[in-house]
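See structure below.
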There are 2 protein chains.
Amino acid sequence: MAVTLRDVARAAGVSAATASRALSAPDLVAPERRELVRRVARELGYRPNRAARELITGRSGHLCLVVPDLGNPFFSAVAKAVQARARATGHAVVVADAEEDPVLEAELVAQLGGQADGVLLCSPRMSGDDLAAVAADGRPVLLVNREGAGLPSVVVDNRDGVRQAVRHLHALGHRRVAYAGGPSGSWSDARRRDGLAALDLDVEVVDLGAHAPVFAGGVGAADLAVASGATAVLTHNDLMALGMLDRLRTRGVRVPADLSVVGFDDAPVATLVTPSLTTVAMPLARLGRTAVDLLLAPRGGEVPHSVLPVELVVRGTTAPPPETSEPR
Amino acid sequence: MAVTLRDVARAAGVSAATASRALSAPDLVAPERRELVRRVARELGYRPNRAARELITGRSGHLCLVVPDLGNPFFSAVAKAVQARARATGHAVVVADAEEDPVLEAELVAQLGGQADGVLLCSPRMSGDDLAAVAADGRPVLLVNREGAGLPSVVVDNRDGVRQAVRHLHALGHRRVAYAGGPSGSWSDARRRDGLAALDLDVEVVDLGAHAPVFAGGVGAADLAVASGATAVLTHNDLMALGMLDRLRTRGVRVPADLSVVGFDDAPVATLVTPSLTTVAMPLARLGRTAVDLLLAPRGGEVPHSVLPVELVVRGTTAPPPETSEPR
DNA sequence: GCATGCGATGAAAGCGATTTCAGCACGCTG
DNA sequence: CAGCGTGCTGAAATCGCTTTCATCGCATGC
């Protein structure tokens with residue numbers, strides 16, 4: 001039913017070998033014949049059978065992308081970019097949703113990754129040991145938004161994000177800033193705490209502890225923030241910031257007049273709320289693109305690694321602290 | 001390097017044929033031998049080579065999902081569900097983002113769909129003719145969130161969504177309701193207009209025309225809504241509703257006191273804004289699951305088709321109209 | 001006792017591409 | 001003119017698996 005290479009070869013009056021070469025190794029065929037074959041192939045609507053090609057070359061033309069939750073805009077944005085870049089390089093993308101489950105994650109990598117030309121592991125929940133096991137398979141793996149197990153990776157500059165946010169707040173006059181952190185196991189949360197610890201500004205940092213990286217987590221952290229006496233709060237992500245804004249409004253705390261709030265991620269929703277959210281923007285599309293490029297790049301012995309810059313986007317939730325600021 | 005069926009067969013002391021049967025057609029092999037082979041396969045960590053299997057069976061174990069924009073929460077939610085259901089049936093999902101481009105969409109289907117066991121086309125932008133062309137290829141295709149070209153499809157009950165929304169508003173006392181529509185080519189927008197036309201309630205409907213289905217579109221429609229004299233507005237989707245809320249706030253129109261607003265989709269953001277959005281919820285996960293089931297179901301001659309129920313979620317943006325309502 | 005049938009097995013033929021290998025024709029060099 | 005490299009080409013092997021097809025016991029029925 002489908003047009004095969006033999007059909008093309010026959011129609012062009014050449015052998016299958018020549019037809020194959022004409023299409024995928026043009027220099028090996030006499031120009032005249034080559035064009036003939038290509039024309040015939042086009043006319044017949046020939047499409048090479050990926051399975052047959054994979055069987056012999058070992059390359060499937062597929063990349064496997066594993067994310068913890070496709071419903072999360074963070075990951076769908078990365079997935080979109082990965083998909084676009086992969087297509088540009090002639091690859092299709094098999095997407096797998098690990099449902100935030102480290103066990104399922106490992107299984108998916110083993111199952112789907114085995115037949116792919118490479119695996120992109122997005123913010124893996126897996127332990128370092130499991131990551132190492134994946135790597136031991138020899139198949140190219142690249143971690144997105146996490147470092148570990150000596151594997152190639154692409155991350156964003158979390159430390160610098162924190163620094164930019166706090167510098168902004170410091171410039172506004174804030175001297176006491178609270179941090180509402182994400183889940184304690186989170187790799188990026190750890191990097192942000194590193195950033196807070198390494199500040200060389202005249203700013204006191206209050207740790208509000210670990211919270212679920214969702215709306216409700218921000219609600220809970222809001223009361224802690226108010227009690228902390230800080231004039232500004234940094235949250236682990238935008239969802240938490242939104243929850244915090246909601247709770248603060250309920251409690252009659254005005255944002256940004258009484259308290260400034262800075263989120264992380266620049267989720268689409270950041271511009272949809274009022275006041276719009278000041279937040280640290282992640283280059284998600286670039287993250288996806290770079291991931292594909294690094295995964296596909298010929299390995300020159302060393303382990304590829306890339307740190308992407310982040311950018312503070314100042315919007316409506318940050319302002320100078322109230323005049324009657326608490327004495328320190 | 002990888003463990004092949006031959007390796008398993010040799011280790012188990014049987015022929016490759018028997019090993020193959022033991023794993024994929026168990027009844028054809030003597031119980032004792034069958035278990036032996038399966039144990040050996042497990043111990044060796046055997047994973048069948050998908051390409052080899054596809055080459056002979058013609059089934060790749062892949063489904064292809066084409067969406068207009070993965071970054072849109074609507075589609076990423078469907079994608080998530082599709083992926084989960086597909087995995088349950090032993091399929092991997094190749095996701096393609098058509099970037100809202102009908103031409104690219106058709107190309108992706110031709111390219112990726114050709115080697116897949118089936119294609120899920122989500123809210124296709126393609127013309128009916130192009131859809132028919134896709135279908136003519138003989139490959140199983142299923143439309144999600146659109147009907148057309150005599151192809152199998154899964155849709156949500158847009159008409160009923162509109163009916164539920166308007167009935168809710170009518171019950172609150174509204175008698176003049178505006179509709180801010182989406183892009184004029186949109187299939188679902190057409191169905192909603194059908195719903196509006198078929199109402200049997202004592203409610204006057206004002207058409208605010210077509211708008212881009214994004215935040216900005218809602219902003220533009222807001223002024224029209226105010227001018228229309230309607231006491232409630234229905235928007236094509238939640239993003240538009242959000243834009244409308246923003247603009248209304250700017251203009252000093254209170255929601256829901258002065259004007260009620262109802263969105264469509266129940267996007268995650270609907271609960272993150274204040275007041276939270278009354279909206280018509282789509283069963284997105286179910287849409288994805290049903291799509292996979294219908295695509296994979298054995299065709300019994302007739303064309304599978306399924307209409308899923310929607311549900312109005314009443315939140316904070318709807319209330320009775322102001323007492324000093326405009327006279328009709 | 002012999003034909004029959006049945007269940008279980010293995011040998012072998014592909015599936016559709018790529019890729020080695022050998023062969024052929026040709027032109028050049030010494 | 002012998003010898004050799006060069007440029008193209010086709011025959012054939014191969015990738016890992018499934019699936020006929022034939023075979024072989026062995027029990028059953030007449």
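Under the ring-ring contact (aromatic ring centres under 6.0 Å, His included) criterion, no residue pair touches residues 22-45 of chain A, with sequence neighbours excluded. Screening residues 84-101 of chain B for salt bridge (charged side-chain N to carboxylate O under 4.0 Å, His left out), with sequence neighbours left out, gives A/Lys80-B/Asp97, A/Arg87-B/Glu99, A/Glu99-B/Arg87, B/Arg85-B/Asp293, B/Glu100-B/Arg125. Applying the side chain to side chain donor-acceptor pair (under 3.5 Å) test to residues at least two apart or on different chains, the pairs with a partner in residues 57-68 of chain A are A/Ser60-A/Asp117. Contacts classified as ring-ring contact (aromatic ring centres under 6.0 Å, His included) and involving residues 74-101 of chain A (residues at least two apart or in different chains) are not found. Screening residues 5-16 of chain A for side chain to side chain donor-acceptor pair (under 3.5 Å) gives A/Ser15-A/Thr18 as the qualifying pairs, with residues at least two apart or on separate chains. Here ring-ring contact (aromatic ring centres under 6.0 Å, His included) pairs that include residues 22-46 of chain B, with residues two or more places apart or in two chains, number zero.
With sequence neighbours excluded, the residues that form a side chain to side chain contact (heavy atoms under 4.5 Å, CB included) with A/Asp157 are A/Arg159, A/Asp160, A/Val307.
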Donor-acceptor contacts, no H, no angles, side chain residues 28-37 of chain A, under 3.5 Å, sequence neighbours left out:
{"residue": "A/Arg34", "atom": "NE", "partner": "A/Pro26", "partner atom": "O", "Å": "3.1"}
{"residue": "A/Arg34", "atom": "NH2", "partner": "A/Val29", "partner atom": "O", "Å": "3.4"}

Enumerate donor-acceptor pairs with a distance under 3.5 Å from any side-chain N or O in residues 141-153 of chain B to protein atoms, sequence neighbours excluded.
{"residue": "B/Asn145", "atom": "ND2", "partner": "B/Ser123", "partner atom": "OG", "Å": "3.2"}
{"residue": "B/Arg146", "atom": "NH1", "partner": "B/Pro124", "partner atom": "O", "Å": "2.7"}
{"residue": "B/Arg146", "atom": "NH1", "partner": "B/Met126", "partner atom": "O", "Å": "2.8"}
{"residue": "B/Arg146", "atom": "NH2", "partner": "B/Met126", "partner atom": "O", "Å": "3.1"}
{"residue": "B/Glu147", "atom": "OE2", "partner": "B/His305", "partner atom": "NE2", "Å": "3.0"}
{"residue": "B/Ser153", "atom": "OG", "partner": "B/His305", "partner atom": "ND1", "Å": "2.8"}

Name the pairs: protein N/O against N/O of nucleotides 13-17 of chain C, kept only if under 3.5 Å.
{"residue": "C/dG16", "atom": "N2", "partner": "A/Ala52", "partner atom": "O", "Å": "3.3"}
{"residue": "C/dA17", "atom": "OP1", "partner": "A/Tyr46", "partner atom": "OH", "Å": "3.0"}
{"residue": "C/dA17", "atom": "OP1", "partner": "A/Asn49", "partner atom": "N", "Å": "3.2"}
{"residue": "C/dA17", "atom": "OP2", "partner": "A/Leu5", "partner atom": "N", "Å": "2.2"}
{"residue": "C/dA17", "atom": "O5'", "partner": "A/Tyr46", "partner atom": "OH", "Å": "3.4"}

Using nucleotides 9-12 of chain C, report all nitrogen or oxygen pairs with the protein that are shorter than 3.5 Å.
{"residue": "C/dT9", "atom": "OP1", "partner": "B/Arg33", "partner atom": "NE", "Å": "2.1"}
{"residue": "C/dT9", "atom": "OP1", "partner": "B/Arg33", "partner atom": "NH2", "Å": "3.4"}
{"residue": "C/dT9", "atom": "OP2", "partner": "B/Ala30", "partner atom": "N", "Å": "2.9"}
{"residue": "C/dG10", "atom": "OP2", "partner": "B/Ser15", "partner atom": "N", "Å": "3.1"}
{"residue": "C/dG10", "atom": "OP2", "partner": "B/Ser15", "partner atom": "OG", "Å": "3.1"}
{"residue": "C/dG10", "atom": "OP2", "partner": "B/Thr18", "partner atom": "OG1", "Å": "2.4"}
{"residue": "C/dG10", "atom": "N7", "partner": "B/Arg21", "partner atom": "NH2", "Å": "2.7"}
{"residue": "C/dG10", "atom": "O6", "partner": "B/Arg21", "partner atom": "NH1", "Å": "3.3"}
{"residue": "C/dG10", "atom": "O6", "partner": "B/Arg21", "partner atom": "NH2", "Å": "3.3"}

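Extent of DNA chain D lying under 4.0 Å from chain A heavy atoms, first and last nucleotide in 5' to 3' order, is D/dC8 to D/dG16.
Taking CG from A/Leu65 and CG from A/Leu112, the interatomic distance works out to 10.5 Å, rounded to the nearest 0.5 Å.
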